[in-house]
Amino acid sequence: MSDSEDDVPLGQRAAAAPKPTPMQEDSSSEDDQPLAARAARTPASKRPSKAVSDSEGSDDDGSGSDDDASSGSGSDDSDDVPLAQRRAAATPAKKKPAPAAAVAVLFEVVLERLVLRRRLLLLVLAFIKNFWEGFREVLGPRHVIKSLDKCDFTPIYDWHAAEREKKKGATKEEKQQQKEEREAKEAKYKFALVGNFRVEPPGLFRGRGEHPKMGKVKKRVYPRDITINIGKDAPIPEHPYPGQRWKEVRHDSGVTWLAYWRDTVNPKEFKYVWLSANSTFKSESDLLKYEKARAPWGWARLGWGGMGARRARKLKDFIVDIRRQYTKDWGSSDMRKKQMGVALYFLDKLALRAGHEKDEDEADTVGCCTLKVENVECIPPNHIKFDFLGKDSIRYENTVEVEVAVYRAVEQFLRCDERGKRKAPRDMLFDAFDATDLNKELKGLMDGLSVKELEGLMDGLSVKELKGLMDGLSVKVFRTYNASITLDRLLAETEDASAATTVDEKKAEYDRANKEARFLGGVAILCNHQRSVPKTHGTQMEKMNAKLDGMRDEITELQAELALAKKGKANKEGKKLNPEAVEKKIAGKKRALAKAELAAAVKEDLKTVALGTSKINYMDPRITIAWAKRNELDAKPRPPPTDSSSRRTDS
DNA sequence: GTGCATACTTAGAAGACCAGAA
DNA sequence: TTCTGGTCTTCTAAGTATGCAC
């Protein structure tokens, strides 16, 4: 749209515009033409396709063939020549036209313009009709505006005109800055950081533990096997296999996967391409997970945003109710209720996984709800020993002291089932329900609360919001909660006993809370995050022990030197030493030895503990941030990659 | 109530990377 | 410059959760 045209209100343009020349109609740069001029060329109902046919030289306006003018797009300078003159020029001038013929040409031109003006007027009225229909819908049926006649859009028009002037008047530097700001704002919608963008290559399936499918061939996956999920208007991405097509192209904004294919080893399962863990989608999902875990209990020591202390306290009462309820169920005569009560106790106390049913062609592992009789042993008077293979066939071996009522209930569950039938070692400990039932039960706890009870818990949240948070209450939430609250507790313990004053000392305390032997009852142990012993562990320990032996020998020698120094005698090298200086040296060596011994002990203790999993999946990062703030430490997130090819995703 | 399909999270192994020590 | 050891990244297996059809 030309600037001069643009400065004229639509209504005025409608009246003033009907003077497009055929050459203007045929211009290839259609977008640059005034709306009215564009509208005049094509009936509103067929505009998009008609625009194409016009450019191909249709005779739609009834003025005879315009092929000459349109097909060649003419010479550039002919745009400035009046139509009548061009008509004349386009016809070979064999002889001077008679006056009557000139009048006829002039009449034809005037007529043509009148026809065009009428058509344009009709199109504008069409435009206005459509606008009013849409505008009325936006206003709603009860709006005071009932027709367009009395509407004055001048302020809006003026505002736009002023903005345009402002843009025009900007310096080159200002325009560049605006461009950069715009691009920075839009960047998050242009790039996505994909987690696993490679298709899994062919190979042999290993599986973990004694997997029945180990050794099976993983076939190559081709584009014809892959369904992709892209935006409706996005171009279909190319793949490196000519002649093949994607299995399917979907436009599903209700899911987060970008592509999937069927696993060739287990065709019942899918493999997905997702956004990376630090994308906004995944981060928001993580936030929700921690909110759900936090909501029913509330972290005792956290004062940061989101949940006020008052609400946290009230919601904390809610878990007190859940615990009271499952404690009551241990004595229930309803076997299903009784078993669920004990299972919830295990989940809450031991942070076990839910344990869903598994197929025959999967590794034989269990979780809380799928524990078998052979996995559980009662040790009088009130200890229970668990011994089973959990996720990834990692062994869970733990003996815990339990409430007497739980102990007796488990003895009963081990003996016979719901109907009184005697159990064998491979029978289920909890035979009256499964993990799905337990999840339904947890959700039912929330549904059972009256609006009045909810109001007591809300403290600013609507019933819908609170229910939304609590809808997420499932078995796995107990595990997330327990992991996070354990970290919170351990950090609190270090703070309470802390003599640290410097940043380095405080940071060392945090590291110790995460790693040190004295906290081995911590998050990773709680969640049973194990690893195999690193291959280099043996040689590393040998080196460390040799170093420790050397340090001990050194201290022994120094102590001998101290004895000589105290008697005023010279040492082996014939030097007389100051006893105080030797004592100081010994103290320093002892401190270094203690530090090295601790490091060796931690290394040995942690050789089978995986710390990363709890850090990534279970410990609410806000607990660490809150701890850092309380200790006046500057905890900053790692800066995003600077390389433009690896921008963070927000889309 | 059950089984299945689908979608998403959690998990350990192994290799890559990097900083500090030798 | 090379070695070492800790941490990060990648890979993909193995879980959890839930809606839907029957």
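The sequence lines fix the lettering, A, B, ..., with proteins before strands; numbering per chain opens at 1. Computation of the quantities below employed the complete heavy-atom set of this structure, encompassing side-chain atoms and omitting hydrogens, waters and symmetry-equivalent molecules. Just so it is clear, the model here is predicted, and its values are computed rather than measured.
Using a 4.0 Å heavy-atom distance criterion, Thr365(A) is classed as a sugar-phosphate-only contact. Within 4.0 Å (heavy atoms only), Lys213(A) reaches no atom of the nucleic acid at all. Among the protein residues, Arg353(A) comes within range of the sugar-phosphate backbone only, with heavy atoms under 4.0 Å from sugar or phosphate atoms but none that close to a base. No contact: Arg206(A) has no heavy atom under 4.0 Å from any strand. When heavy atoms are screened at a 4.0 angstrom cut-off, Pro267(A) is found touching no nucleic acid atom at all. Residue-level contact check: Trp274(A) touches the bases, meaning some heavy atom is under 4.0 Å from a base atom.
Here the nucleotide nearest the side chain of Phe205(A), chosen from dT10(B), dG12(B), dA14(C), is dA14(C). Residue Tyr272(A) has its side chain nearest to dT6(B) when only dA14(B), dT6(B), dT16(C) are considered. Relative to the side chain of Ser285(A), the nucleotides dT4(C), dT9(B), dT18(C) differ in distance, and dT9(B) lies closest. Comparing atom distances between the Thr256(A) side chain and each of dC8(B), dT18(C), dG15(C) picks out dC8(B) as nearest. Proximity note for His529(A) (side chain, C-beta onward) versus dA13(B), dT6(B), dA11(B): the nearest is dA11(B). Here dA17(C) is the nucleotide among dA17(C), dC8(B), dT10(C) with the atom lying nearest to any side-chain atom of Ala354(A). The Lys271(A) side chain lies nearest to dA13(C) when the options are dA17(C), dA13(C), dT12(C).
Rounded to a whole Å, the NE2 atom of His211(A) is 8 Å from the P atom of dG15(C). dT12(C) atom P lies 11 Å from atom CG of Asp263(A), rounded to whole Å. Going from atom CD of Glu357(A) over to atom P of dG1(B) covers 15 Å, rounded to whole Å. Taking atom CD of Glu269(A) as the reference point, atom P of dG15(C) lies 10 Å away to the nearest angstrom. Between Lys216(A) atom NZ and dT12(C) atom P the separation is 19 Å, expressed in whole Å. Following rounding to the nearest Å, Lys268(A) (NZ) and dT6(B) (P) show an atom-to-atom distance of 13 Å. One interatomic measurement links the two molecules: NE2 of His356(A) to P of dT6(B), which rounds to 18 Å at whole-angstrom precision. The separation between Asn617(A) atom CG and dT16(C) atom P is 14 Å, rounded to whole Å.
Using cut-offs of 30° and 60° for the angle between ring planes, the Phe386(A) and Phe388(A) rings count as perpendicular.
Using modelled atom types and a 3.5 Å distance limit, the side chains of Asp334(A) and Ser332(A) yield no donor-acceptor pair.
Counting distance only, with no hydrogens placed and no angle test, the side-chain atoms of Lys391(A) and the base atoms of dT10(B) include a donor-acceptor pair under 3.5 Å.
A close approach under 4.0 Å does occur between a side-chain nitrogen or oxygen of Thr613(A) and OP1 or OP2 of dG12(B). Of the side-chain N and O atoms in Arg262(A), one or more sit less than 4.0 angstrom from OP1 or OP2 of dT6(B). Within the 4.0 Å cut-off from OP1 or OP2 of dA14(C), not a single side-chain nitrogen or oxygen of Lys358(A) is found. For dG6(C), one of the phosphate oxygens OP1 or OP2 lies less than 4.0 angstrom from a side-chain nitrogen or oxygen of Lys603(A).
Both the sub-6.0 Å distance and the 45° axial angle are not jointly satisfied by Lys338(A) relative to the ring of Trp330(A).
Taking OG1 of Thr227(A) as the start and CG of Leu258(A) as the end, the distance is 13.0 Å to the nearest 0.5 Å.
Looking at every heavy atom in both residues, Arg479(A) comes nearest to Arg353(A) through NH2-NH2, 3.1 Å.
A salt bridge links Arg208(A) to Asp392(A): one of the charged nitrogens lies within less than 4.0 Å of a carboxylate oxygen.
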